[in-house]
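Below: the structure, in structure tokens.
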Amino acid sequence: MPSPRLEEITPDNVLAACAIAVRPDQEGLVAPVARSLAEAYAQPAVAWPRLVVDGDRTVGFLMGFLDIRWSQDPADVRSGLWRLNIGADQQGRGYGRFAVAALADELRRRGTDRMFVTWAPGPHGPERFYDRLGFRPTGERSGDQVVGVLAL
């Protein structure tokens, strides 16, 4: 039985990445994969984009951020989850949980002890998902988004 894995974005899979579409009610809550890939291209030192693949099926996209300066304080450097897009027909199967755990493993490997995420509040937002994974609001906002943290 296949199990999910992360794969680097390559010329062979970039179109499959761009084809990932979330549910219509989530479209305003997470940027399309193509925008994420453009941001990764423009910021290669901090972006960590990966496909979530199960067997030969592309089921989602994850992009981490690595060691970004979060505020005016030079010591406030953070890493975490920048984007998570799980295909509309693949949601509810554990792929999001897998992707977040895989990023947590990568951040631990890099010596990070906390993983940050932001989310748009609202009835269709991912707050319950992140709460179930152990993320806790920090009390901060990033624009109109809630900032959450998970101890690694």
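For this chain, numbers begin at 1 and follow the sequence in order.
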Query raised in the report: Any sub-3.5 Å donor-acceptor pair from Arg5's side-chain atoms to Gly55's backbone N or O?
Result: yes

Query raised in the report: Are Ile86 and Val33 co-members of a hydrophobic cluster defined by side-chain heavy atoms under 4.5 Å apart?
Result: no

Report task. For Arg108 and Leu152, indicate whether the former's side chain and the latter's backbone hold a donor-acceptor pair under 3.5 Å. Result -> yes

Query raised in the report: Tell me, do Val117 and Trp82 make a side-chain contact under 4.5 Å, heavy atoms counted?
Result: no

Report task. Taking all non-hydrogen atoms of both residues into account, name the closest pair between Arg69 and Pro74 and its distance. Result -> NE-CA, 3.8 Å

Report task. Report the distance from atom CZ of Phe129 to atom CZ of Arg97, rounding to the nearest 0.5 Å. Result -> 7.0 Å

Requested in this report: Report the distance from atom CZ of Phe116 to atom OG1 of Thr138, rounding to the nearest 0.5 Å.
Outcome: 7.0 Å

Query raised in the report: Among all residues two or more places apart in sequence or in another chain, which pass the side-chain hydrogen bond (donor to acceptor under 3.5 Å, both in side chains) test with Arg109?
Result: Glu106

Query raised in the report: When rounded to the nearest 0.5 angstrom, what distance separates CD in Gln145 from OG1 in Thr118?
Result: 4.0 Å

Report task. For the pair Arg35 (side chain) and Leu37 (backbone), establish whether a donor and an acceptor sit closer than 3.5 Å, ignoring hydrogens and angles. Result -> no

Query raised in the report: Are Arg141 and Pro121 close enough that some pair of their side-chain heavy atoms sits under 4.5 Å apart?
Result: yes

Query raised in the report: For the residue pair Ala16 and Thr58, what are the closest heavy atoms and their distance?
Result: CB-OG1, 3.8 Å

Query - Donor-acceptor contact below 3.5 Å, side chain Asp76 vs main chain Asp73 - result: no

**Report entry** Arg114 backbone acceptor or donor facing Thr112 side chain under 3.5 Å
**Finding:** no

Report summary line: In short, Arg136 meets Asp131 closest at the heavy-atom pair NH1-OD1, 2.6 Å

Query - ILVMFWY network linking Val46 to Phe61, side-chain heavy atoms under 4.5 angstrom - result: yes

Query raised in the report: Does one hydrophobic cluster hold both Trp48 and Tyr95, with members joined at side-chain heavy-atom distances below 4.5 Å?
Result: yes

Query raised in the report: Looking at CZ of Arg83 and CZ of Phe65, how far apart are the two atoms once the value is rounded to the nearest 0.5 Å?
Result: 11.0 Å

Query raised in the report: Which pair of heavy atoms, one from Trp119 and one from Gly148, lies closest together, and at what distance?
Result: CZ3-CA, 3.8 Å

Query raised in the report: Do Glu140 and Arg78 sit within salt-bridge range, that is, some charged N less than 4.0 Å from a carboxylate O?
Result: yes

Query raised in the report: Quick one: does Val149's side chain get under 4.5 Å of Met115's, heavy atoms only?
Result: no

Query raised in the report: Is the shortest heavy-atom distance from the side chain of Asp54 to the side chain of Phe98 under 4.5 Å?
Result: no

Query raised in the report: Does any non-hydrogen side-chain atom of Leu62 lie less than 4.5 Å from one of Leu6?
Result: yes

Report summary line: Distance col, row Met63:CE vs Leu84:CG, nearest 0.5 angstrom, shows 11.5 Å

Requested in this report: Indicate yes or no: at least one non-hydrogen side-chain atom of Ile68 is less than 4.5 angstrom from one of Val77.
Outcome: no

Query raised in the report: Any sub-3.5 Å donor-acceptor pair from Asn13's side-chain atoms to Glu8's backbone N or O?
Result: yes

Query - Minimum heavy-atom distance Val52-Ala99, with the two atoms named - result: CG2-CB, 3.9 Å

Only pairs under 3.5 Å count here: list side-chain donor-acceptor contacts from residues 17-31, not counting sequence neighbours, and write none if there are none.
{"residue": "Arg23", "atom": "NE", "partner": "Asp25", "partner atom": "OD1", "Å": "2.9"}
{"residue": "Arg23", "atom": "NH1", "partner": "Gln91", "partner atom": "OE1", "Å": "2.9"}
{"residue": "Arg23", "atom": "NH2", "partner": "Asp25", "partner atom": "OD2", "Å": "2.9"}
{"residue": "Asp25", "atom": "OD2", "partner": "His124", "partner atom": "ND1", "Å": "2.9"}
{"residue": "Gln26", "atom": "OE1", "partner": "Arg23", "partner atom": "N", "Å": "3.1"}
{"residue": "Gln26", "atom": "OE1", "partner": "Gln91", "partner atom": "NE2", "Å": "2.8"}
{"residue": "Gln26", "atom": "NE2", "partner": "Gln91", "partner atom": "OE1", "Å": "3.1"}

Query raised in the report: What closest approach, in Å, do Leu81 and Leu103 show between heavy atoms, and which atom pair accounts for it?
Result: CA-CD2, 3.6 Å

Query - Same apolar cluster (I L V M F W Y, side chains within < 4.5 Å links), Tyr130/Trp70 - result: no

**Report entry** Gap separating the CG atom of Leu66 from the OG atom of Ser79, nearest 0.5 angstrom
**Finding:** 5.5 Å

